[in-house]
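As the structure is a prediction and not an experimental result, all values here were calculated from the model.
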Amino acid sequence: MKGALEGVRVIELAHIMAGPVCGLMLSDLGADVIKVERLPGGDGTRAFLPPDIDGESAAFMMMNRGKRGIALDFRSVAGLAAVGRLIGDADVVIENFRVGTMERIGLGWKALRRANPRLVYCQITGFGRTGPLAGQGGFDLIAQGCSGLMSVTGEGPGRAPVKVGAPVTDITAGILGAFGVAAALFERERTGKGQRVDTSLFEAGITQTYWQSAIALATGISPGALGNAHPLTAPYQSFRTADGWINVGASNQGTWTRLTGALGATGLATDPRFETNEARMGRLDELVELLSPFFSSRTSEEWLAALAEAGVPAGPVASVGEMLEHPQTLAREMVVTVEHARLGPVRSVGCPLKMSRTGPGTVESGAPLLGEHTRTVLGEAGYGPDEIQKLLESGGAFAS
């Protein structure tokens with residue numbers, strides 16, 4: 001099945017995570033993503049060791065599967081000229097450097113759109129192109145704090161702030177960037193003109209606070225951390241069982257009633273203290289204290305079976321390893337095997353999108369070696385064999 005973006009050429013001038021996530025999403029949808037790595041060393045995640053597989057960075061291989069790779073020296077006149085030639089007939093450019101970096105080397109949006117009016121230019125930064133923090137560099141930890149996300153993540157009042165375990169602003173910014181690119185390509189079909197897509201880790205963090213921002217905008221009060229509880233409905237959180245933890249989502253009146261039945265605590269359903277969601281939220285600590293002994297009396301497996309039979313949404317708190325081996329994960333093709341040029345078959349996380357007609361393209365190739373496709377890609381850009389060799393010998397490019 002062909003990918004929806006087949007025929008779209010993307011030049012990824014990005015590194016570490018947010019930009020590469022954007023490229024990964026587009027690659028999974030069928031785009032030809034050419035990852036341009038800066039010499040020396042290439043993408044910083046190549047040095048994120050351990051973990052590694054026989055010396056190859058697991059982090060780099062996760063973020064860059066399905067892409068072709070070329071290595072160029074941006075400090076070299078010839079290397080920088082090669083980047084410009086690659087962009088000349090590209091559909092999309094992705095970059096996630098600090099604001100102003102690309103302009104200083106002549107690869108900013110204004111310069112590139114003059115040469116290629118159809119170009120879609122995706123720029124992912126720490127705080128966006130405008131505003132008082134536009135020039136500040138961005139990292140996931142900093143963005144989680146500035147966006148308010150860390151203030152609602154943690155165990156509760158008086159406890160230390162906690163970041164989300166995954167680099168959620170990096171990943172979300174990459175997904176937002178890919179969404180913006182797809183929208184810009186769609187609009188280009190009508191007008192023939194490209195445009196700039198501008199998003200940031202800061203804004204990605206803000207989008208994760210929809211519920212909490214709704215509370216703050218409506219009441220003027222900033223909600224705090226609730227541990228694993230929900231800010232708007234209860235009981236919707238984790239409970240300790242006899243042998244572990246489960247999540248229970250009794251998020252409306254019907255599931256609340258069914259939960260009390262499954263627990264053998266039907267009196268709680270009509271108890272005035274907990275009769276409505278508003279009442280339950282107002283006495284959340286008391287409610288959890290009453291429910292906890294029920295859950296601790298049986299194993300996770302027993303409770304999950306009982307709650308499923310009662311029609312109460314519930315699930316285990318799985319480890320990453322357990323998730324990767326779960327039949328549902330495998331059925332959804334969220335673990336795929338790709339072919340790495342040096343290592344052979346390598347397992348990776350698959351594409352989260354499924355489409356009925358075009359689909360994402362089948363993920364087959366692993367992450368590129370540094371400069372693995374340099375000769376091929378330069379040839380496609382119009383370089384002759386002698387010209388490529390001269391560029392390699394000058395240090396402006398590297399081929400593995």
Side-chain angles (χ1 to χ4, degrees), residues 9-17 19-20 22-23 27 31-49 55-57 59-61 63-116 118-119 121-124 137 340-343 365-400:
R9 173 162 287 199
V10 178
I11 305 301
E12 182 187 299
L13 306 175
H15 62 132
I16 310 294
M17 195 164 208
C22 181
S27 173
D32 176 20
V33 177
I34 299 170
K35 183 176 184 66
V36 182
E37 297 186 68
R38 293 184 299 170
L39 293 172
D43 192 309
T45 54
R46 288 191 182 274
F48 284 10
L49 305 167
E56 297 288 342
S57 166
F60 179 84
M61 289 192 291
M63 303 311 308
N64 295 290
R65 59 164 178 71
K67 303 173 185 177
R68 296 196 290 164
I70 178 172
L72 298 170
D73 187 350
F74 286 34
R75 300 164 304 176
S76 156
V77 173
L80 197 57
V83 178
R85 284 176 68 168
L86 292 179
I87 294 171
D89 61 353
D91 297 291
V92 179
V93 165
I94 303 167
E95 64 99 346
N96 64 335
F97 296 101
R98 188 177 292 209
V99 171
T101 298
M102 300 302 284
E103 284 74 13
R104 283 195 295 274
I105 61 175
L107 297 176
W109 160 241
K110 291 182 179 180
L112 293 181
R113 70 174 176 178
R114 286 195 294 268
N116 183 355
R118 289 174 54 80
L119 184 68
Y121 188 97
C122 180
Q123 188 172 30
I124 303 174
H340 188 270
R342 191 173 74 82
L343 302 176
S365 63
L369 299 172
L370 181 63
E372 181 178 342
H373 305 100
T374 296
R375 292 181 183 274
T376 302
V377 171
L378 288 176
E380 293 170 356
Y383 281 77
D386 292 342
E387 197 176 7
I388 293 173
Q389 189 61 35
K390 182 179 179 181
L391 181 59
L392 295 173
E393 291 174 354
S394 72
F398 172 80
S400 58

*Side-chain contact test, heavy atoms from C-beta onward, threshold under 4.5 Å: evaluate it for R75 versus P40 and give yes or no.*
yes

*Do the rings of F97 and H15 sit parallel, tilted or perpendicular, given the 30° and 60° boundaries?*
parallel

*asked:* Looking at R68 and D32, is there a salt bridge between them, counting it only when a charged N and a carboxylate O are closer than 4.0 Å?
replied: yes

_Nearest atoms (heavy-atom pairs only) where S76 meets G396_ = OG-CA, 3.7 Å

*From CA spacing to verdict: side-chain contact (heavy atoms from CB on, under 4.5 Å), F48, I16*: CA-CA 10 Å; F48 284 10; I16 310 294; 4.1 Å; yes

*Contacts of type ring pair (Phe, Tyr, Trp, His ring centres under 6.0 Å), residue H373, not counting sequence neighbours*: none

*At what distance, to the nearest 0.5 angstrom, does CG of L370 lie from OG1 of T374?*
7.5 Å

*Would you mind reporting whether V10 and I34 have side-chain heavy atoms less than 4.5 Å apart?*
no

*Can you list every pair that meets side chain to side chain donor-acceptor pair (under 3.5 Å) and has a residue in residues 391-400, with sequence neighbours left out?*
Q389-E393

*Spacing of L119 atom CG and R114 atom CZ [to the nearest 0.5 Å]*: 13.0 Å

_Would you say that L13 contacts I87 through its side chain, given a criterion of any heavy-atom pair below 4.5 Å between the two side chains?_
yes

*Looking at N64 and P368, what are the two nearest heavy atoms and their distance?*
O-CD, 3.5 Å

_Closest approach of C22 to C122 (non-hydrogen atoms, all atoms of both residues)_ = SG-SG, 4.1 Å

_Just so I know, are the side chains of V92 and Y121 near enough to count as touching, which here means a heavy-atom distance under 4.5 Å?_
no

*Is it true that D91 and R118 make a salt bridge, defined as a side-chain N closer than 4.0 Å to a carboxylate O?*
no

*Which atoms form the tightest heavy-atom contact between D43 and P20, and what is the distance?*
OD2-CG, 4.2 Å

*Between K110 and E103, is the closest basic N to carboxylate O distance under 4.0 Å?*
no

_Ionic contact status for E380 with R85, cut-off 4.0 Å_ = no

*In a check of side-chain contact (heavy atoms from CB on, under 4.5 Å) between F398 and each of L391, L39, L72, I70, which one passes?*
L39

*Any Y383 side-chain heavy atom under 4.5 Å of R375 side chain*: no

_Atom pair CG/CZ of L80 and R38 - distance to nearest 0.5 Å_ = 11.5 Å

*Would you say E56 and L343 make side-chain contact, with heavy atoms under 4.5 Å?*
yes

*Any chance you could measure E372, atom CD, to R342, atom CZ, to the nearest 0.5 Å?*
11.5 Å

*Note: E12-K67 ion pair, threshold 4.0 Å (strictly below)*: yes

*asked:* Run the side-chain hydrogen bond (donor to acceptor under 3.5 Å, both in side chains) test against R104 and tell me which residues pass, sequence neighbours left out.
replied: T101

*Quick one: closest heavy-atom pair of L369 and A341, and the distance?*
CD1-CB, 3.9 Å

_Expected output: side-chain S57 to main-chain T45 donor-acceptor under 3.5 Å_ = yes

*Closest heavy-atom contact between F60 and A367?*
CE2-CB, 3.8 Å

